[in-house]
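Accompanying notes for the structure given below.
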Amino acid sequence: MAGFSRRGFLGAVALGGAATVAGTNRVLAEATGRSGLTVRGDEFLLDGEPFRIIAGEMHYFRTHPDQWRDRLLRMRALGLNSVDTYVAWNFHEPRRGQADFSGWRDVARFVETAGEVGLKVIVRPGPYICAEWDFGGLPPWLLEDRNLPLRCSDPAYTDLTLRWFDELLPRLTPLQATKGGPLLALQVENEYGSYGNDQVHLEQLKNAMRERGVDSLLFCSNGPSDYMLRGGNLPDVLATVNFSGDPTDPLKALREYQPEGPLWCTEFWDGWFDHWGEQHHTTDPVETAGHVDKMLAAGASVSLYMATGGTNFGWWAGANYDTGNDLYQPTITSYDYDSPIGEAGELTTKFHRIREAIAKHAPVPDEPLPELPPRLAPQTVRPHETVGLLESLDVLSTPVHSAIPAHMEKFGQPYGLIHYSTRIQGPRAAAGLGISGLADRALVFSDGKYLGTLDRNTPDQTIDIAVPGSSGRLDLLVDTGGRVNFGQLLSDPKGISDRVLLGAQALHGWEVRCLPLDDLSGLRFGLRFGGGTSVGPVFHRAEISVPEPADGFLAFPGWEKGLVWLNGFLLGRYWDVGPQRTLYAPGPLWRRGGNEVLVLEMYRGGGGIEVRSEADLG
Ligand code: GLA
């Protein structure tokens with residue numbers, strides 16, 4: 001990195017000039033006595049006093065809002081002084097123009113709650129956030145036109161992001177430390193250098209934040225490689241790095257890139273996430289704590305990613321795409337992350353080791369540690385009613401006619417499954433049915449008979465179909481994983497975005513049914529095994545009675561792949577390929593007495609549904 005110096009920025013910040021930040025802060029300091037978080041030489045100042053950020057990440061969108069305070073208190077008990085969170089645009093605005101900041105989506109209340117428990121807050125508003133979250137936090141309606149340029153200064157994209165900032169930022173700016181609130185700093189984009197080098201885009205986002213009243217410290221966070229640092233930073237914005245393991249080299253890379261200024265690891269990966277069908281990731285608690293210790297000894301600030309991971313409830317899990325092996329890798333429902341505070345609030349061994357490491361460098365609260373929230377006692381129930389999904393299409397959706405089998409975003413559907421059916425003229429001899437542009441798996445039915453599943457990861461696969469009579473019916477039910485959240489293949493529309501071929505012939509004339517499955521109240525259940533057999537995926541209904549609401553874990557031994565709703569709330573996906581074996585069902589979702597569990601099993605319903613008192617993540 002010889003020869004690359006950014007003295008301009010650092011000198012300016014030290015003088016308190018570059019930065020509109022520091023300039024504005026000075027004015028504010030005179031007005032309110034508060035300058036918020038600023039930079040002096042190699043250190044941070046908070047309202048003029050030396051301050052070191054010892055933070056941990058928690059995503060308000062991954063933890064039930066009734067548990068926010070509990071988890072934040074656990075973070076404080078760990079010895080953290082701040083919480084970092086992303087803002088997931090799609091969580092607020094899954095449908096264009098209908099931004100929602102109520103209830104679970106009240107990000108301002110999350111920031112305030114953190115302030116109430118004594119934590120400072122760092123917000124990473126994206127608009128792209130990565131985070132193993134569907135489409136990296138971008139809303140699915142951006143994919144109506146799948147060629148929309150993403151994460152760059154093309155106005156077609158930027159204009160939409162600025163409109164989002166118009167909605168979001170006014171809710172956050174009153175909470176800034178410069179106004180007496182807990183919000184210390186905001187991030188510009190996310191690891192931008194891993195994706196592109198459009199400095200104009202970063203500049204636009206930065207200016208948009210400033211113009212909308214953000215007068216706090218801004219930073220860019222990137223991986224520590226040269227190209228990442230160079231493509232993902234701005235000259236007058238603090239650079240920070242993200243990494244796992246020994247901090248020596250990454251901090252050195254940051255120091256070479258930015259010769260002066262506080263060192264801050266904005267994502268220290270203390271664990272990792274899992275894909276379906278792969279091994280569960282864990283990291284060694286002692287080693288991890290050792291790296292935190294080393295980082296603090298080096299005088300650096302740190303944000304643990306994650307302090308408490310939480311859950312990818314609903315359809316929110318993202319996915320990766322391994323371009324080397326041409327492999328789509330959907331992320332599991334749990335986002336436990338092997339973080340120090342577990343998905344259900346557990347204070348893990350890693351919690352204790354990291355707390356000891358922090359205690360060597362900063363005071364940790366001298367209070368009894370929070371106890372584990374109560375757990376449900378184990379029990380097994382059997383579903384008592386079922387109804388087939390294909391028989392329920394009329395109560396779940398209204399058909400739309402389309403010449404081509406387009407992707408769900410084209411039909412205005414944000415999340416869910418999608419069903420396509422057509423008629424094929426016969427008689428005709430058997431030919432291979434294949435799909436191009438499939439995301440992610442299509443269950444194929446010919447005249448109501450299940451023939452098999454086509455999978456995005458085996459794109460050359462076909463299923464033979466013959467039409468013996470004058471006409472045959474073809475049904476395709478597309479099952480979806482999360483949208484890709486990282487890398488160049490970010491545009492990942494769901495359903496069928498290209499064509500269905502029978503032999504060499506493209507099939508046209510489709511009846512398309514969007515299945516967001518957000519209202520299941522119309523399902524007409526019948527007694528289980530009460531006559532007639534359902535073809536294909538089946539909804540199963542069970543009742544689970546509990547004496548008092550408490551945390552539980554649902555397991556589906558003998559079941560294959562599907563979705564689970566608890567009292568109408570979609571907990572997420574299960575799949576027997578593992579590694580995850582249980583789904584976290586947080587206490588606030590349960591009711592005293594009877595609770596309704598609905599399972600949509602795509603293939604093979606098992607016998608019982610188990611409530612367990614311990615998680616099994618594989
Ligand atoms: C990067 C991203 C995060 C997350 C982690 C991996 O650092 O910035 O959003 O995806 O990788 O968990």
Side-chain angles (χ1 to χ4, degrees), residues 55-62 83-91 122-138 150-151 185-196 202 205 219-225 227-229 231-233 239-245 247 250-251 253-254 264-275 278-283 288 291 295 302-312 316-322 329-341 343 350 482-490 492 617:
E57 186 109 359
M58 163 179 173
H59 300 146
Y60 62 94
F61 43 87
R62 284 187 156 121
V83 51
D84 323 65
T85 185
Y86 283 125
V87 176
W89 180 5
N90 54 8
F91 189 62
I122 293 137
V123 172
R124 314 204 288 155
Y128 164 82
I129 61 169
C130 193
E132 291 70 68
W133 191 253
D134 189 90
F135 197 11
L138 298 178
L150 302 170
R151 302 184 70 192
L186 290 92
Q187 181 180 304
V188 182
E189 236 270 350
N190 187 71
E191 288 197 338
Y192 187 68
S194 300
Y195 179 79
L202 293 182
L205 292 175
F219 62 97
C220 290
S221 95
N222 282 286
S225 306
Y227 77 94
M228 296 173 181
L229 290 168
N233 279 305
T240 67
V241 279
N242 301 339
F243 54 86
S244 62
L251 290 181
L254 175 61
W264 183 9
C265 172
T266 32
E267 286 181 31
F268 177 67
W269 304 316
D270 54 19
W272 201 246
F273 58 91
D274 297 333
H275 297 132
E278 294 175 13
Q279 275 211 316
H280 177 48
H281 292 84
T282 56
T283 60
T288 307
H291 296 139
M295 199 137 32
V302 62
S303 297
L304 304 174
Y305 190 99
M306 299 291 297
T308 180
T311 310
N312 298 314
W316 293 118
N320 286 88
Y321 200 92
D322 174 354
Q329 303 165 302
T331 296
I332 63 167
T333 299
S334 172
Y335 201 65
D336 176 84
Y337 214 85
D338 198 34
S339 52
I341 301 163
E343 190 174 3
K350 199 179 280 175
R483 292 188 183 87
V484 170
N485 61 266
F486 177 79
Q488 299 303 328
L489 300 180
L490 197 56
D492 184 22
L617 297 176

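Ligands are counted one by one from 1 in listed order, and the atoms in each one are counted from 1 as well.
- Closest heavy-atom approach to atom 2 (C) of ligand 1 within the set H281, E57, H59, E267: this belongs to E267.
- If you number the atoms of ligand 1 from 1 as listed, the ones under 4.0 Å from a heavy atom of Y337 come out as 6 (C), 12 (O).
- Near Y305, meaning under 4.0 Å from one of its heavy atoms, ligand 1 places the atoms 3 (C), 4 (C), 9 (O), 12 (O).
- Proximity of the aromatic rings of Y86 and W133 is defined here by a centroid distance below 6.0 angstrom, and this criterion is not met.
- Counting the atoms of ligand 1 from 1 in the order shown, those under 4.0 Å from a heavy atom of N190 are 2 (C), 8 (O), 9 (O).
- E267 has a carboxylate O that lies under 4.0 Å from a charged side-chain N of R124, or vice versa, which qualifies the two as a salt bridge.
- Set against the non-hydrogen atoms of I129, the atoms of ligand 1 under 4.0 Å away are 9 (O).
- Remark: E343 pairs with no residue by the salt bridge (Lys or Arg N to Asp or Glu O under 4.0 Å) rule, at least two apart or across chains.
- Considering backbone and side-chain N/O atoms, W269 comes within less than 3.5 Å of an N/O atom of ligand 1.
- Taking every heavy atom of E191 and a limit of under 4.0 angstrom, the matching atoms of ligand 1 come to 1 (C), 2 (C), 7 (O), 8 (O).
- With sequence neighbours excluded, the residues satisfying salt bridge (Lys or Arg N to Asp or Glu O under 4.0 Å) with E189 are R151.
- When only interatomic distances are considered, the shortest N/O to N/O separation between W272 and ligand 1 does not fall below 3.5 Å.
- A salt bridge links D338 with K350; the closest basic N to acidic carboxylate O contact falls under 4.0 Å.
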